[in-house]
Number of protein chains: 2
Amino acid sequence: MISQTSEYALRAVICLAQHPGELHTATKIAKLTKVPDPYLSKVLLILAKHEVVISKKGLHGGYGLAHSPDKITLWTIINAVDPIKHIKSCPLKLESHGTHLCRLHKRVNDSINMIEELFKTSTVTMILDQPTKSIPLCESKK
Amino acid sequence: MISQTSEYALRAVICLAQHPGELHTATKIAKLTKVPDPYLSKVLLILAKHEVVISKKGLHGGYGLAHSPDKITLWTIINAVDPIKHIKSCPLKLESHGTHLCRLHKRVNDSINMIEELFKTSTVTMILDQPTKSIPLCESKK
DNA sequence: TAATAAAAGGATAAATACATCTTTTTATCT
DNA sequence: AGATAAAAAGATGTATTTATCCTTTTATTA
């Protein structure tokens with residue numbers, strides 16, 4: 001439902017949010033999130049371009065959050081790496097439908113809107129703060 | 001959000017439902033739904049294997065609905081060609097998480113459940129019967 | 001200012017999804 | 001029974017997504 005790339009991006013940001021203020025190298029994040037290292041670099045690059053994370057080059061550089069975790073939503077992250085595409089006009093290009101969707105495509109588009117809304121209202125803080133048994137990305141000690 | 005293949009499958013079934021009881025050749029459905037002909041054949045094959053549609057070989061054969069349109073949901077169709085995958089256990093394979101999802105993956109999985117629920121409660125009849133301006137797949141006459 | 005550690009960029013490869021083409025099988029009608 | 005029209009099956013091709021590797025640039029620190 002969401003792409004592998006989006007899943008990786010979510011993991012990376014959540015990972016950074018667990019140590020706010022600190023910088024982490026791509027390699028370190030890759031290990032913690034179990035994402036292929038070179039691929040994660042590309043993903044982080046995209047996140048940096050969209051100003052979800054900041055990057056600092058050179059010795060002791062790395063990646064960090066660009067905003068406080070309660071300002072970053074899951075939507076922000078997903079939308080940066082793999083934007084959710086809405087159905088704006090008839091996929092069959094029927095002239096008479098144009099921008100007025102038929103019920104089939106309306107329904108499909110509704111589902112897209114629903115998901116988008118859920119992601120827009122989910123901040124990174126919400127993911128991290130709710131008390132539950134398992135901490136995102138972390139193996140829990142007995 | 002849904003695959004191209006799912007979109008094609010939805011179109012094909014809606015198309016068949018517009019002429020209930022009748023059989024249509026794959027080629028005819030392909031034209032009406034603006035789906036690449038040989039590809040739609042494969043999609044229809046899958047739909048037939050999952051008993052969403054029935055196929056009749058030979059002269060005057062073709063495809064038809066296997067059930068009445070109010071028994072077929074969008075979920076049935078999508079699930080046949082491109083099953084919705086739930087997150088059942090930790091994608092990072094963290095032992096301590098196991099089948100108990102962390103909040104990140106719980107949230108993502110919730111969105112999957114939401115969409116699935118919407119599709120499960122959308123029958124083909126609902127798509128066809130609600131009065132609106134544009135009729136699914138059909139160019140409307142002035 | 002030289003050595004180093006990190007991101008950034010480019011080229012390439014593998015896997016998967018999407019699409020087409022050709023042949024074979026099956027049922028129907030004359 | 002033979003001709004025909006349709007699905008079914010198999011082989012192949014293209015595009016996109018995912019993943020890897022190697023080089024270049026940049027900042028830091030000694």
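Side chains included, hydrogens not; waters and symmetry mates left out as well; all remaining heavy atoms used. Being a predicted model, the structure only gives us computed values, none of them experimental.
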Under 3.5 Å side-chain donor-acceptor pair for His67(A) and Glu51(A):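 The criterion, which ignores hydrogens and geometry beyond distance, is not satisfied for Glu51(A) and His67(A).
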Side-chain donor-acceptor contact under 3.5 Å, Thr27(B) with Asp37(B):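 Side-chain D/A pair, Thr27(B) to Asp37(B): present.
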Expressed as a whole number of angstroms, how long is the span from [X]:[atom1] to [N]:[atom2]?
X	N	atom1	atom2	answer
Leu23(B)	dA27(C)	CG	P	14 Å
Lys28(B)	dA7(D)	NZ	P	12 Å
Ile29(B)	dA5(D)	CD1	P	18 Å
Leu44(A)	dG9(C)	CG	P	13 Å
Ile54(A)	dA7(C)	CD1	P	12 Å
Glu7(A)	dA19(D)	CD	P	11 Å
Lys85(B)	dT16(C)	NZ	P	12 Å
Leu45(A)	dA6(C)	CG	C1'	13 Å

Leu101(B) side, atom CG; Asp110(B) side, atom CG - distance, nearest 0.5 Å: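 Answer rounded to 0.5 Å: 9.0 Å.
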Choose from [options] the nucleotide whose nearest atom is closest to any side-chain atom of [X].
X	options	value
Gln4(B)	dT28(C), dG9(C), dC18(C)	dC18(C)
Lys57(B)	dT20(D), dT25(C), dG9(C)	dT25(C)
His60(B)	dC18(C), dC29(C), dT25(C)	dC29(C)
Tyr63(B)	dA8(D), dA19(C), dA7(C)	dA8(D)
Tyr39(A)	dT18(D), dT20(C), dA27(D)	dT18(D)
Leu59(B)	dA27(D), dT20(C), dT4(D)	dT4(D)
Ala26(A)	dC18(C), dC21(D), dA7(C)	dA7(C)
Tyr8(A)	dA8(C), dT28(D), dA19(D)	dA19(D)
Pro36(A)	dA6(D), dA19(D), dT20(C)	dA19(D)
Lys42(B)	dG9(C), dC21(C), dA8(C)	dC21(C)

Intermediate values then yes/no, side chain to side chain contact (heavy atoms under 4.5 Å, CB included), Leu23(B) and His60(B): CA-CA 8 Å; Leu23(B) 292 182; His60(B) 299 150; over 6 Å; no
Thr5(A) vs dT18(D): side-chain N/O to OP1/OP2 distance below 4.0 Å: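 Result: yes.
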Short side-chain N/O contact from Thr27(B) to OP1 or OP2 of dA6(D), under 4.0 Å: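 For dA6(D), neither OP1 nor OP2 has a side-chain N or O of Thr27(B) closer than 4.0 Å.
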Contact nearer the 5' end of DNA chain D, comparing Lys56(B) with Ser3(A): Lys56(B)
Cluster overlap Ile78(B) with Ile84(A), hydrophobic side-chain contacts below 4.5 Å: yes
Sugar-phosphate only, base, or nothing, as touched by Lys49(A) at under 4.0 Å among non-hydrogen atoms: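 Sugar-phosphate contact only - Lys49(A) comes under 4.0 Å of backbone atoms but never of a base.
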Step-by-step side-chain hydrogen bond (donor to acceptor under 3.5 Å, both in side chains) determination, Thr5(A) to Asp82(A): CA-CA 7 Å; Thr5(A) 305; Asp82(A) 193 9; 5.9 Å; no
5'-most by nearest nucleotide on DNA chain C - Gly58(B) or Asp82(B):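 Checking each residue's closest nucleotide, the 5'-ward one belongs to Asp82(B).
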